[in-house]
Trainee: 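This is the structure I want to talk about, given as structure tokens.
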Amino acid sequence: MQLRKGVENAPSLGAEVGKVLGDVATASAIQHTSMVEIRDLDECATRTEIAEELARSLGAPHLNEEVVKTLRKAYAGTQTAVAALPDDLAAKALKLGHIRIGWVNCRIRSREEAARCYRCWSPGHVAARCKGPDRTQLCYRCGQKDHQAKDCKGQPACVLCQERGADDHHHTSTSSSCPLARKITQARR
């Protein structure tokens with residue numbers, strides 16, 4: 001069953017339908033989410049702490065640690081987290097601009113990523129609509145055949161930037177620092 005956009009009680013309807021169906025099937029309400037980046041986290045911050053503070057600050061007690069998609073080390077002993085929040089909560093978080101987690105005031109920023117085709121590696125489309133070359137047998141890191149990125153010993157080389165004759169091609173083909181990927185992401189804003 002699919003409801004129109006903007007139906008406010010979709011989560012509760014999904015829960016009620018799930019109760020009626022029992023073990024026969026499952027029901028859930030799908031919500032569109034936006035990615036937000038939380039920067040300047042203390043090196044000891046955990047996913048649970050981040051989710052709890054997001055839930056408290058945004059008035060959304062239903063949030064759990066699954067909203068925190070990645071938590072990685074950043075510069076000077078800090079961490080950066082990426083969280084997937086429902087659009088309304090993401091807008092609320094961005095409006096806050098910062099959140100206090102532990103002893104630190106952390107910045108909240110929007111994180112937009114362009115869709116990337118796994119077939120040709122180009123940003124801006126998906127494989128179902130791909131008209132580019134098939135690069136599935138190549139290494140993401142160096143662009144050569146007969147090995148995978150995890151086993152790569154070569155220097156990073158972006159196949160997409162090399163094709164366009166760019167001087168700056170010393171990054172992996174799927175890197176967010178690729179000028180082509182940045183250009184397409186900025187054009188979408």
Trainee: Please determine whether side-chain contact (heavy atoms from CB on, under 4.5 Å) holds for the pair Trp103 and Asp42, giving the CA-CA distance in whole Å, both sets of side-chain angles, and the decisive distance to 0.1 Å.
Mentor: CA-CA 8 Å; Trp103 296 95; Asp42 184 73; over 6 Å; no
Trainee: Look up atom CZ in Arg135 and atom OG in Ser122, then write down how far apart they are to the nearest 0.5 Å.
Mentor: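 The OG atom of Ser122 is 5.5 Å from CZ of Arg135, to the nearest 0.5 Å.
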Trainee: So Lys92 and Ser57, do their side chains get closer than 4.5 Å, heavy atoms only?
Mentor: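 They are not in contact (no side-chain heavy atoms under 4.5 Å apart), so the answer is no.
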Trainee: For a 4.5 angstrom cut-off between non-hydrogen side-chain atoms, does Pro179 reach Asp168?
Mentor: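 Side-chain contact under 4.5 Å: yes.
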Trainee: State which residue, out of Leu54, Val82, Leu94, fulfils the side chain to side chain contact (heavy atoms under 4.5 Å, CB included) condition with Val36.
Mentor: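 Considering Leu54, Val82, Leu94, a side chain to side chain contact (heavy atoms under 4.5 Å, CB included) with Val36 is found only for Leu94.
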Trainee: Measure the spacing between CZ of Arg72 and CD of Gln79 and express it to the nearest 0.5 Å.
Mentor: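 It is 10.0 Å, given to the nearest 0.5 Å.
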Trainee: Check whether any side-chain heavy atom of Arg107 lies under 4.5 Å from a side-chain heavy atom of Ile38, and answer yes or no.
Mentor: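 No, their side chains stay 4.5 Å or more apart.
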Trainee: With a sphere of 6.0 Å drawn around CG of Asp146, does it hold more than 12 non-hydrogen atoms of other residues, nucleotides or ligands?
Mentor: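 Count not over threshold, so no.
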Trainee: Can you measure from CD1 (Ile99) to CG (Leu58) and round to the nearest 0.5 angstrom?
Mentor: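 Taking CD1 in Ile99 and CG in Leu58, the distance rounds to 6.0 Å.
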Trainee: Tell me, please, which residues at least two apart from Thr70 pass side-chain hydrogen bond (donor to acceptor under 3.5 Å, both in side chains).
Mentor: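 If we apply the side-chain hydrogen bond (donor to acceptor under 3.5 Å, both in side chains) test to Thr70, skipping adjacent residues, there are no hits.
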Trainee: Using distance alone, with no hydrogens and no angle criterion, decide if Ser34 and Asp87 have a side-chain donor and acceptor under 3.5 Å apart.
Mentor: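 Note: Ser34 and Asp87 side chains meet the donor-acceptor criterion.
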Trainee: Please determine whether side-chain contact (heavy atoms from CB on, under 4.5 Å) holds for the pair Thr80 and Leu71, giving the CA-CA distance in whole Å, both sets of side-chain angles, and the decisive distance to 0.1 Å.
Mentor: CA-CA 6 Å; Thr80 299; Leu71 179 60; over 6 Å; no
Trainee: CG/Asp40 to CD/Glu37 distance, rounded to the nearest 0.5 angstrom?
Mentor: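 Rounded to the nearest 0.5 Å, the CG-CD separation comes to 10.0 Å.
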Trainee: Identify the heavy atoms of Ala127 and Cys117 that sit nearest to each other, and give their distance.
Mentor: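 For Ala127 and Cys117, the tightest heavy-atom pair comes out as CA-SG, 3.6 Å.
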Trainee: Can any side-chain N or O of Arg119 pair as donor or acceptor with the backbone N or O of Gly132 at less than 3.5 Å?
Mentor: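 Here the side-chain-to-backbone pair exists.
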Trainee: If you measure from CD1 on Ile101 to CD on Glu49, what distance do you get to the nearest 0.5 Å?
Mentor: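 Taking CD1 in Ile101 and CD in Glu49, the distance rounds to 8.0 Å.
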Trainee: Run Lys69 and Met35 through side-chain contact (heavy atoms from CB on, under 4.5 Å) and show every step you take.
Mentor: CA-CA 9 Å; Lys69 298 302 179 188; Met35 303 299 260; 4.1 Å; yes
Trainee: Measuring from atom CH2 of Trp121 to atom CG of Leu160, what distance do you get when rounded to the nearest 0.5 angstrom?
Mentor: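 Separation between the atoms: 8.0 Å.
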Trainee: Is any side-chain heavy atom of Leu41 less than 4.5 Å from a side-chain heavy atom of Thr78?
Mentor: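 Of all side-chain heavy-atom pairs linking Thr78 with Leu41, none is under 4.5 Å.
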Trainee: So do the side chains of Arg141 and Pro156 get within less than 4.5 Å of each other, counting heavy atoms only?
Mentor: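 Side chain of Arg141 against side chain of Pro156, heavy atoms only: contact under 4.5 Å found.
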Trainee: Using modelled atom types only, decide if a donor and an acceptor are shared between the side chain of Lys150 and the backbone of His147 within a distance under 3.5 Å.
Mentor: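 It does not hold such a pair.
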Trainee: How far apart are the C-alpha atoms of Arg47 and Glu65, what are their side-chain angles, what is the distance that settles it, and do they pass the salt bridge (charged side-chain N to carboxylate O under 4.0 Å, His left out) test?
Mentor: CA-CA 6 Å; Arg47 289 174 187 257; Glu65 76 177 69; 5.6 Å; no
Trainee: Going through the distances and angles, do Cys161 and His171 end up as a side-chain contact (heavy atoms from CB on, under 4.5 Å)?
Mentor: CA-CA 9 Å; Cys161 289; His171 54 272; 3.5 Å; yes
Trainee: Does Cys120 reach the side chain of His125, with side-chain heavy atoms less than 4.5 Å apart?
Mentor: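 With C-beta onward as the side chain, the pair touches.
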Trainee: Can you find a heavy atom in the side chain of Leu63 that is under 4.5 Å from one in the side chain of Leu89?
Mentor: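 They are in side-chain contact.
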Trainee: Does Gln148 have more than 12 heavy atoms from other residues, nucleotides or ligands lying within 6.0 Å of its CD?
Mentor: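 Counting neighbours around CD of Gln148, 12 or fewer heavy atoms of other residues, nucleotides or ligands fall under 6.0 Å, so no.
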